[in-house]
Amino acid sequence: MLTMARNSPVGPVSVVLFLTVFCPSPSSQVTPEDTLSILACAERGLLFSPPDQGCHLPVSRGPCGEGEMVVLGSEGVGECVGNPCAEDQLWTGEGCVEMY
């Protein structure tokens, strides 16, 4: 059973992860062994990445290649996508902003 604190910074994400981890689709690449890692990362506001088995900040480069960033994928784990921002900018979900 997954318990969420009311002040959890990742409450809605935890619900998505719970449904994804415990009700995976037949084509899911997330293994049952990944479950605890996914939840441990989410508890800290991070995304689990199956390829490197690590936790990463959303919209950071994480385990991704140059010009990519890690975001919450459809399977509830980190997924690499193209980063539309310059190296000294951060994606806000709506556009790029200067980091400094």
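No experiment lies behind these values; they were computed from the predicted model shown.
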Decide if atom CD of Glu66 counts as having more than 12 heavy atoms of other residues, nucleotides or ligands within a radius under 6.0 Å.
-> no

Closest non-hydrogen atom pair, Cys64 against Glu68 | CB-CB, 3.6 Å

Enter the distance from Arg44:CZ to Leu39:CG here, rounded to the nearest 0.5 Å.
-> 12.5 Å

What pair of heavy atoms forms the shortest contact from Gly78 to Pro50, and how long is it?
-> O-CD, 4.3 Å

When rounded to the nearest 0.5 angstrom, what distance separates CE in Met69 from CD in Glu79?
-> 11.0 Å

Output for pair (Leu90 CG, Glu98 CD), nearest 0.5 Å, gives 10.5 Å

Answer with yes or no whether the side chains of Asp52 and Ser49 bring together a donor and an acceptor at under 3.5 Å.
-> yes

What's the shortest heavy-atom distance between Pro58 and Leu46, and which atoms?
-> CD-CA, 4.5 Å

Tell me, do Val70 and Ser60 make a side-chain contact under 4.5 Å, heavy atoms counted?
-> yes

OG-CZ distance between Ser37 and Phe48, expressed to the nearest 0.5 angstrom | 4.5 Å

Separation between CE (Met99) and CG (Asp88), nearest 0.5 Å, reads 6.5 Å

Heavy atoms, side chains only, cut-off 4.5 Å: are Asp34 and Val77 in contact?
-> no

Would you mind reporting whether Val30 and Glu75 have side-chain heavy atoms less than 4.5 Å apart?
-> yes

